[in-house]
Amino acid sequence: MQREEKQLDAALEALLQRINDLKTSIRTLLFRLENEYASLSWPSFLDSYAVISGQMNTLLKVMKNDKTPLLRNLIVLPLVLSPDPDEELKQATEGRVVAFSHDITPDMLRTKPDPDVEQRQNQFEQRASQVPPETAQKQINALNKVVNHVLEQITHSREDWENEATVRAAAAQTCVTADTHTLIAAVGLGKNLKTLPIAAPAQPGPGRAQAGPAPGKTTSTIKTTIKAASQVHPYNR
Amino acid sequence: MTFGFSVELDRHKKKWMTGQSRLFKKMASNQNPISAIDMLTSALRSNIIPNQEYLLQGSVIDSSAEVLHNRLRGLCDAAETGPETFHDHEMCFSLKASSPGGTPQQQQSFLLRVRRALDHPEYPWQLRYLGQPELGEKNQPTVLRSCIDIACTPNVVEFLSELGCRIEFEYVLKGYLFRKGRMKVTMSKIFRMGQAKSPDSLEAMTGSYLVELSLLAPSGQDAVADEIKVFAEQLRPLVHLEKIDYRRLQSYS
């Protein structure tokens with residue numbers, strides 16, 4: 001029993017959370033409709049609807065969750081009805097329900113739909129029962145066909161658009177990284193450009209800049225180059 | 001190819017050259033023969049010699065090269081006269097310099113590049129030293145390397161071999177040169193020299209043009225790197241100019 005109670009509490013918590021989220025998104029949508037109706041665009045409106053539909057989805061999932069006890073088997077029973085304002089109730093409902101009195105209880109704890117909604121539903125049910133089953137079956141088949149057709153159209157268009165995007169991206173490839181590396185290695189290091197059979201890999205040495213200017217330093221470099229030349233001569237000549 | 005640039009380099013070289021002519025006069029008057037060194041070291045110290053190259057490199061495949069060419073024509077200076085084409089032959093010589101007191105294995109070598117214009121044989125040849133490229137931090141937009149260019153006569157090859165330089169590799173470049181302000185953009189196709197070593201037996205290395213965006217400036221003027229970055233952004237979807245460390249490429253294969 002206690003376990004079930006705990007489960008029930010947890011489930012109610014989760015439901016409450018989801019419902020609060022749903023409430024906020026509906027509120028934002030109404031706000032936008034009222035205040036920004038001039039600047040509202042259909043896609044952004046659809047986005048808000050998508051948010052609401054997503055939240056309803058999660059709500060239903062929570063209700064269908066295995067851990068949730070069967071809410072259908074439970075009833076909500078008002079224990080005490082009093083016309084006095086209840087502070088806790090006020091806070092819990094953000095000032096909407098001031099007192100748990102006799103007139104609002106039927107509305108709050110109602111399980112049947114609204115009277116006009118109930119009436120329309122009855123009308124539909126009457127019309128549906130009047131249709132003979134064969135015509136009903138035929139109509140169902142026709143509807144299925146139309147819906148499938150529309151679905152096919154949409155998927156084809158989506159594939160075409162995606163293909164276009166990828167083709168454009170592929171055609172736009174104007175540089176090949178491998179070529180870049182080959183060219184730069186060739187120019188910088190002489191890779192693949194060896195002319196001599198005794199090819200020592202070219203190593204750019206540490207920065208000894210002076211190959212020309214700065215005669216102040218030229219004297220020392222000339223000395224070293226002369227030294228190097230005299231040393232290397234036998235091998236080069 | 002560099003001689004299209006004498007206009008920009010003149011401003012810097014003039015300052016340097018006037019220093020030199022002054023020192024020649026002084027030497028002629030025999031006042032102070034050591035002042036030549038003083039003049040040049042002061043020129044170096046006052047940081048007016050453009051010896052740093054800010055560089056970005058990339059490539060574009062041949063089929064899109066035309067598009068890039070047109071875009072560069074639109075973006076760069078001198079659109080009416082059209083871009084300059086060049087056809088150069090570059091040879092790289094390496095000079096091994098053994099460090100004093102070091103064993104022969106510790107020899108360090110550095111590269112000297114000699115470039116000649118094949119389409120204009122009367123132009124002077126160019127001797128160039130390029131230092132190690134520094135890629136720097138992530139927020140340094142360009143590769144920075146020291147670069148020294150000298151004009152010379154055609155017997156520089158003989159001179160370098162007399163000095164003990166060995167030719168490491170050579171290649172032929174053919175392409176277009178664009179200028180924007182102080183920046184230089186080149187689109188070049190690199191060709192390998194054929195076995196017969198004649199200009200006819202050329203084979204292209206890859207199916208792409210090498211695109212280089214560079215600027216020569218005295219060291220310390222890092223604001224120009226941002227100019228280069230801005231320009232590179234304008235070529236963005238066609239060619240991605242970026243910092244490429246070719247020393248790492250050596251280790252890849």
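These numbers come from a predicted model, not from an experiment.
- Taking a 6.0 Å sphere around CZ of Arg127(A), one finds it holds 12 or fewer heavy atoms contributed by other residues, nucleotides or ligands.
- Proximity of His181(A) to Thr206(B): side-chain heavy atoms (C-beta onward) are nowhere separated by under 4.5 Å.
- Under the side chain to side chain donor-acceptor pair (under 3.5 Å) criterion, the residue pairs touching residues 53-71 of chain B are Thr180(A)-Ser59(B), Glu53(B)-Arg145(B), Tyr54(B)-Asp222(B), Gln57(B)-Glu212(B), Asp62(B)-Lys189(B), with sequence neighbours excluded.
- Only one option out of Thr182(A), Asp179(A), Val187(A) pairs with Leu210(B) in a side chain to side chain contact (heavy atoms under 4.5 Å, CB included); it is Val187(A).
- For residues 31-57 of chain A, the salt bridge (Lys or Arg N to Asp or Glu O under 4.0 Å) pairs, not counting sequence neighbours, are Arg32(A)-Glu36(A).
- Proximity to chain A (any heavy atom under 4.5 Å) is shown, for Val60(B), by both the backbone and the side chain.
- Counting non-hydrogen atoms of neighbouring residues, nucleotides and ligands closer than 6.0 angstrom, the CD atom of Gln7(A) exceeds 12 such neighbours.
- From Leu183(A), atom CG reaches atom OH of Tyr209(B) across 11.5 Å, with rounding to the nearest 0.5 Å.
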